[in-house]
Amino acid sequence: MNRSRRTQTTAMPAIHSSLSFYMKPLFLSNSSLFPRKFTVPKEYLLNPRSLCALSSASNQNGGRSGARSLSPSPVSDDLQKIDVNPPKGTRDFPPEDMRLRNWLFHNFQEVSRLFGFEEVDFPVLESEALFIRKAGEEIRDQLYCFEDRGNRRVALRPELTPSLARLVIQKGKSVSLPLKWFAVGQCWRYERMTRGRRREHYQWNMDIIGVPAVTAEAELISSIITFFKRIGITASDVGFRISSRKVLQEVLRCHSIPEHLFGKVCVIIDKIEKLPLDVIKNDLKSAGMSEAAIEELLRVLSIKSLTELEEILGGAGEAVADLKLLFSLAEKFGYSDWIQFDASVVRGLAYYTGIVFECFDRDGKLRAICGGGRYDQLLSTFGGDDIPACGFGFGDAVILELLKEKGLLPPLNHQVENIVCALDHNLQGAASMVATTLRGKGQSVDLVLESKPLKWVFKRAARINAQRLILVGTTEWQKGMVGVKILSSGEQYEIKLDKLE
Ligand code: HAM
């Protein structure tokens, strides 16, 4: 916008009576352009409120609970008062929350772009079979699944990884490896609700398909840390716990536990912090492990240092080699202080085969912020050829809780550059023309659509954080001009419409 392009003012005729009080200083002068300034109440020039806070607190325990019925409710002609809350565990996104979501997703997208990833997406509704694995995962029991009208078993996706695997198989040899794909998508899990855990959430996923080396995991962790730094989270706020499922594989192999039990054992161990130890031991026994194997496994899981792990497993195995390489790469990337080895991390999804990691807030108040790992054999479980793969999922809910806790939520206001108002209802068409001209030049415009007193217009301008008020008055318009007021400074002038930038 070129503020210096002013033109000469001329006298104004009488204007709409309801506006005259506010407009007289501007339009009834015949001596100079704007001899007196608009008297704009000071508070209208300031942003009246900060819209930064995510108002999800009000949503948090909201949602319907109530009785459920398996068949649709009968349609009735009577007026029914509906429950205005969204279904339990789901969220509305009113503008202030939507601004925050867009800000978060923009950062997800920007970080993915910085790392050279391409965006993909999949349907929220998938075939149920895609998510059914035999390992007894929690996610299976949390599935939103049903039969569609064509008698197909379908499910709302609880995660994005199986869909990604499906698409990679479908693309086959038409894509060149490695693939570096990211997605931000809504996932559904019938979860027990805790802070940051809901029945609907969004996940940012980044996956690398076609790289067997640990360099891929190191790159993925680097991207998450890049994201944290962008949004003001530091290594003293969060930390990654990293291990490899190959650690367990080596223990199981020593005790001659069949390979096919591996996923099941991992899923049982993942619950170690949630269930009593006796229950875990019993479950491992039922899965076919001997007492000696269970004791050995639990001993290994308590290890928190790589040196100790190497002393127990020896240095020749892949588990130790992979982890050592990852930690040395972390030094080169410069994020050693963000990560630590912790053998108890195994993750709750059956398909992981190598390095696994989870990120937690250091105060231990929240559930995992993100998690991921290597899943080299997922594709063959869907009938495809295996391709080495690894990735992570990063939810939107826990990170927002953490940002709130740390006072790091950004102040995000609604912002429209211009507010355009006709000073007479006969000029509504002219005001539309002004708005269209500005929009054509890339400027955002809130067009006042009804006759409103100027007091109302100023209030609205403050609410939408407008930078300029453009007034369309009869006399100016006859000369092809409009009145402009810069709302931050109070500066005002008239300008030809075609000069308005
Ligand atoms: P996940 O650990 O099940 O992994 O989920 C990843 C992240 O999604 C969690 O760390 C958390 O931030 C978020 N999340 C999961 N469930 C909920 C929930 N009910 N409410 C709020 N947030 C939630 C996976 O889903 C893997 N598919 C990730 C992956 C991608 N592995 C490889 N590539």
Side-chain angles (χ1 to χ4, degrees), residues 52-63 88-91 93 96-97 100-101 103-105 107-108 111 137-139 142 158-160 184-206 220-221 223-243 269-275 304 335 337-342 344-349 352 356-373 391-410:
C52 72
L54 173 74
S55 70
S56 60
S58 59
N59 275 347
Q60 204 142 48
N61 300 314
K88 188 171 180 188
T90 69
R91 293 166 291 180
F93 287 90
E96 60 278 17
D97 292 350
L100 198 52
R101 185 175 117 182
W103 168 82
L104 192 68
F105 288 12
N107 279 292
F108 290 156
V111 170
E137 298 158 294
E138 200 175 27
I139 209 169
Q142 297 171 337
E159 54 161 337
L160 305 178
V184 181
Q186 195 182 38
C187 299
W188 291 82
R189 297 181 188 185
Y190 197 85
E191 281 246 24
R192 199 174 59 82
M193 303 252 294
T194 55
R195 195 169 165 207
R197 288 281 149 156
R198 16 192 74 261
R199 298 199 170 149
E200 150 278 313
H201 71 281
Y202 283 85
Q203 258 189 37
W204 169 40
N205 278 221
M206 285 177 81
L220 291 170
I221 295 171
S223 66
I224 301 171
I225 290 167
T226 303
F227 170 80
F228 280 138
K229 286 180 178 169
R230 274 177 81 97
I231 61 167
I233 296 284
T234 66
S236 53
D237 298 319
V238 300
F240 288 77
R241 290 158 56 196
I242 301 180
S243 185
I269 290 168
D270 183 59
K271 295 180 192 137
I272 212 157
E273 278 170 13
K274 294 180 210 151
L275 297 175
K304 301 271 185 269
Y335 59 72
D337 49 343
W338 293 74
I339 63 171
Q340 71 191 68
F341 170 71
D342 183 339
S344 70
V345 174
V346 289
R347 311 259 306 128
L349 298 162
Y352 292 112
V356 278
F357 56 86
E358 280 180 339
C359 178
F360 291 91
D361 66 302
R362 293 213 190 261
D363 295 339
K365 291 185 183 163
L366 303 165
R367 300 258 315 255
I369 301 167
C370 66
F392 69 81
F394 189 121
D396 65 333
V398 181
I399 188 65
L400 288 178
E401 287 294 326
L402 185 66
L403 288 170
K404 209 187 299 176
E405 178 104 17
K406 303 273 170 196
L408 289 171
L409 285 174

Out of curiosity, [X] [atom1] to [Y] [atom2], how far, rounded to the nearest 0.5 Å?
{"X": "Cys370", "Y": "Leu220", "atom1": "SG", "atom2": "CG", "result": "10.5 Å"}
{"X": "Leu403", "Y": "Ile233", "atom1": "CG", "atom2": "CD1", "result": "5.0 Å"}
{"X": "Arg347", "Y": "Ser243", "atom1": "CZ", "atom2": "OG", "result": "12.5 Å"}
{"X": "Phe93", "Y": "Leu100", "atom1": "CZ", "atom2": "CG", "result": "9.5 Å"}
{"X": "Phe360", "Y": "Leu402", "atom1": "CZ", "atom2": "CG", "result": "13.0 Å"}
{"X": "Ser223", "Y": "Phe392", "atom1": "OG", "atom2": "CZ", "result": "4.0 Å"}

Report yes if some heavy atom in the side chain of [X] is under 4.5 Å from a heavy atom in the side chain of [Y]; otherwise report no.
{"X": "Ile224", "Y": "Trp338", "value": "no"}
{"X": "Ser344", "Y": "Ile269", "value": "no"}
{"X": "Ile231", "Y": "Leu408", "value": "no"}
{"X": "Ile242", "Y": "Ile221", "value": "yes"}
{"X": "Phe240", "Y": "Ile225", "value": "yes"}

Does a side-chain N-to-carboxylate-O contact under 4.0 Å join [X] and [Y]?
{"X": "Asp396", "Y": "Arg198", "result": "no"}
{"X": "Arg241", "Y": "Glu273", "result": "yes"}
{"X": "Asp97", "Y": "Arg91", "result": "no"}

Is the side chain of [X] donor-acceptor paired with the backbone N or O of [Y] at a distance under 3.5 Å, no angle test?
{"X": "Arg189", "Y": "Arg199", "value": "no"}
{"X": "Asp361", "Y": "Leu366", "value": "yes"}
{"X": "Asp237", "Y": "Thr234", "value": "yes"}

Report the C-alpha separation of Gln203 and Asn205 in whole Å, then their side-chain angles, then the decisive distance to 0.1 Å, and conclude whether the side chain to side chain donor-acceptor pair (under 3.5 Å) test is met. CA-CA 6 Å; Gln203 258 189 37; Asn205 278 221; 2.9 Å; yes

Does Tyr202 have any ring pair (Phe, Tyr, Trp, His ring centres under 6.0 Å) partners at least two apart in sequence or in another chain, and if so, which?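 Tyr202: ring pair (Phe, Tyr, Trp, His ring centres under 6.0 Å) contacts with Phe105.
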
What's the shortest heavy-atom distance between [X] and [Y], and which atoms?
{"X": "Glu137", "Y": "Leu349", "result": "OE2-CA, 3.2 Å"}
{"X": "Cys187", "Y": "Pro158", "result": "CB-O, 3.5 Å"}
{"X": "Phe357", "Y": "Gly373", "result": "CE2-N, 3.8 Å"}
{"X": "Gly196", "Y": "Ala397", "result": "O-CB, 3.2 Å"}
{"X": "Ala368", "Y": "Val398", "result": "O-CG2, 3.7 Å"}

Listed partners of Asp270 passing salt bridge (charged side-chain N to carboxylate O under 4.0 Å, His left out), at least two apart: none

Answer yes or no: does atom NZ of Lys365 have more than 12 heavy-atom neighbours from other residues, nucleotides or ligands under 6.0 Å?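 Open.
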
Run the side-chain contact (heavy atoms from CB on, under 4.5 Å) check on Asn107 and Phe227 step by step: do they pass? CA-CA 7 Å; Asn107 279 292; Phe227 170 80; 3.5 Å; yes

Please walk me through it: do Val346 and Tyr352 pass side-chain contact (heavy atoms from CB on, under 4.5 Å)? CA-CA 8 Å; Val346 289; Tyr352 292 112; over 6 Å; no

Quick one, Lys406 with Asp363, criterion side-chain contact (heavy atoms from CB on, under 4.5 Å). Give me CA distance, side-chain angles, the key distance, then yes/no. CA-CA 11 Å; Lys406 303 273 170 196; Asp363 295 339; 3.5 Å; yes

Tested for salt bridge (charged side-chain N to carboxylate O under 4.0 Å, His left out) against Glu138, the lone hit among Arg192, Arg197, Lys274 is Lys274

